[in-house]
> 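Attaching a single structure in structure tokens format; questions to follow.
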Amino acid sequence: MTMSAEQRPVVLIGGGGHAKVLLDIARLTHRTVAGVLTLEDDNTLPLATLGNDDRLRDRSFVAAHDFFVAIGQTQARRRIAETLAEHGATLATLIHPACVVAADVEIGGGTALVAGIIVNSGSKIGQHCTLNTACSVDHDCRLDDGVQIGPGARLCGGVICQEDAFIGAGAIVIEGRMIGASAVVGAGATVVSDIAPKTTVIGTPAREMILQTFG
Ligand SMILES: CC(C)(COP(=O)(O)OP(=O)(O)OC[C@H]1O[C@@H](n2cnc3c(N)ncnc32)[C@H](O)[C@@H]1OP(=O)(O)O)[C@@H](O)C(=O)NCCC(=O)NCCS
């Protein structure tokens with residue numbers, strides 16, 4: 001018998017604090033979780049360790065499971081995401097039942113929506129994104145692959161977050177603004193203008209963080 005994608009057990013890659021939250025969502029949504037692949041012996045979950053990322057070379061293992069990259073660190077996450085794509089792995093999408101997501105929202109594989117999130121109509125969320133507790137994404141936003149939105153952050157309508165952008169906890173991005181690839185918006189910042197790629201901004205209004213050097 002061939003198992004449908006819905007029935008395939010999920011393998012979490014990474015077993016730290018974020019993975020704990022994802023395991024809870026998987027269980028609430030009646031997904032079976034087979035175990036954890038670790039990168040650095042980091043399995044803190046009450047689940048079997050199934051090996052490390054070398055197991056992704058095993059075709060039958062890959063074909064028998066859905067995968068979810070449960071690693072916060074952007075570069076490690078991207079590396080594993082690329083390995084999964086190379087090996088044709090199927091990605092799980094984990095959405096907590098206590099989220100409100102408009103019917104036309106597109107959500108890519110490997111993306112998690114944690115409890116208490118609202119995503120409004122017309123928004124599009126890529127692969128391997130993490131939307132954390134009680135954030136909101138208003139209408140017609142675009143979140144490219146690997147974007148992370150912190151707890152309680154607010155994206156107004158039409159905001160674009162390019163690949164691997166990070167929006168800190170409680171930050172606000174006003175309507176129509178663009179957050180460049182790999183940019184970081186500090187916790188509590190208010191973004192009122194576009195943010196260039198790889199820039200870190202803080203404060204209200206958000207300004208580039210200037211590192212102090214001494215001596
Ligand atoms: C912006 C951020 C990335 C900077 O991190 P960092 O480079 O390690 O910065 P530091 O902690 O060394 O702080 C440097 C200075 O910036 C200030 N600062 C740091 N983050 C700030 C923020 N969000 N808003 C205002 N000021 C901030 C610090 O007070 C410090 O000021 P000082 O030099 O006058 O003492 C980080 O503080 C942040 O906001 N991260 C987001 C965390 C988050 O939302 N996590 C969610 C996890 S799900």
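Start at 1 and go down the list; that is how both ligands and their atoms are numbered.
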> Please identify which atoms of ligand 1 are closer than 4.0 Å to at least one heavy atom of Gly168.
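By the 4.0 Å cutoff, the relevant atoms are 44 (O).
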> Side chains of Arg31 and Asp66: does their closest heavy-atom pair fall under 4.5 Å?
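With C-beta onward as the side chain, the pair touches.
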> With a heavy-atom distance limit of 4.0 Å, tell me whether Met209 approaches ligand 1 through its side chain, its backbone, both, or neither.
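Met209 to ligand 1: side-chain contact only, backbone stays beyond 4.0 Å.
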> Would you sort out whether Ile80 and Leu39 count as a side-chain contact (heavy atoms from CB on, under 4.5 Å), showing the intermediate values?
CA-CA 10 Å; Ile80 297 294; Leu39 298 191; 3.7 Å; yes
> Just do the side-chain contact (heavy atoms from CB on, under 4.5 Å) check on Val184 and Met209 with the steps written out, would you?
CA-CA 10 Å; Val184 173; Met209 197 171 156; over 6 Å; no
> Is there a donor-acceptor contact under 3.5 Å linking the side chains of Ser182 and Arg78?
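No, because no side-chain N or O of Ser182 sits under 3.5 Å from a partner of the opposite role on Arg78.
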> Under 3.5 Å between some N or O of ligand 1 and some N or O of Ala187?
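Indeed, backbone or side chain, Ala187 has an N or O that close.
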> Let me see the working for Phe166 and Thr74 under side-chain contact (heavy atoms from CB on, under 4.5 Å), right down to the final yes or no.
CA-CA 9 Å; Phe166 177 94; Thr74 302; over 6 Å; no
> Less than 4.5 Å apart, any side-chain heavy atom of Ile71 and any of Asp42?
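When only atoms from C-beta onward are counted, Asp42 and Ile71 do not touch, as no gap falls below 4.5 Å.
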> For ligand 1, which atoms have a heavy atom of Gly186 less than 4.0 angstrom away?
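What qualifies from ligand 1 is 1 (C), 23 (N), 39 (O).
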> Report the part of Ala171 (side chain from C-beta onward, or backbone N, CA, C, O) that has a heavy atom under 4.0 Å from ligand 1; answer both or neither where that applies.
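Neither; no heavy atom under 4.0 Å.
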> Please examine the side chains of His65 and Leu37, heavy atoms only from C-beta on, and report whether any two atoms are closer than 4.5 Å.
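No - every pair of side-chain heavy atoms lies 4.5 Å or more apart.
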> Can you name the atoms of ligand 1, numbered from 1 with element, that are less than 4.0 Å from a heavy atom of Asn132?
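So the answer, numbered in order with elements, is 48 (S).
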> Examine ligand 1 and decide if any of its atoms is less than 4.0 Å from a heavy atom belonging to Gly188.
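Under 4.0 Å: no for Gly188.
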> Quick one: which ligand 1 atoms are inside 4.0 Å of a heavy atom on Pro151?
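Answer for ligand 1: 46 (C), 48 (S).
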> Identify, by atom number and element, the atoms of ligand 1 in contact range of Ala169, meaning under 4.0 Å from any of its heavy atoms.
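Here the atoms of ligand 1 in question are 43 (C), 44 (O).
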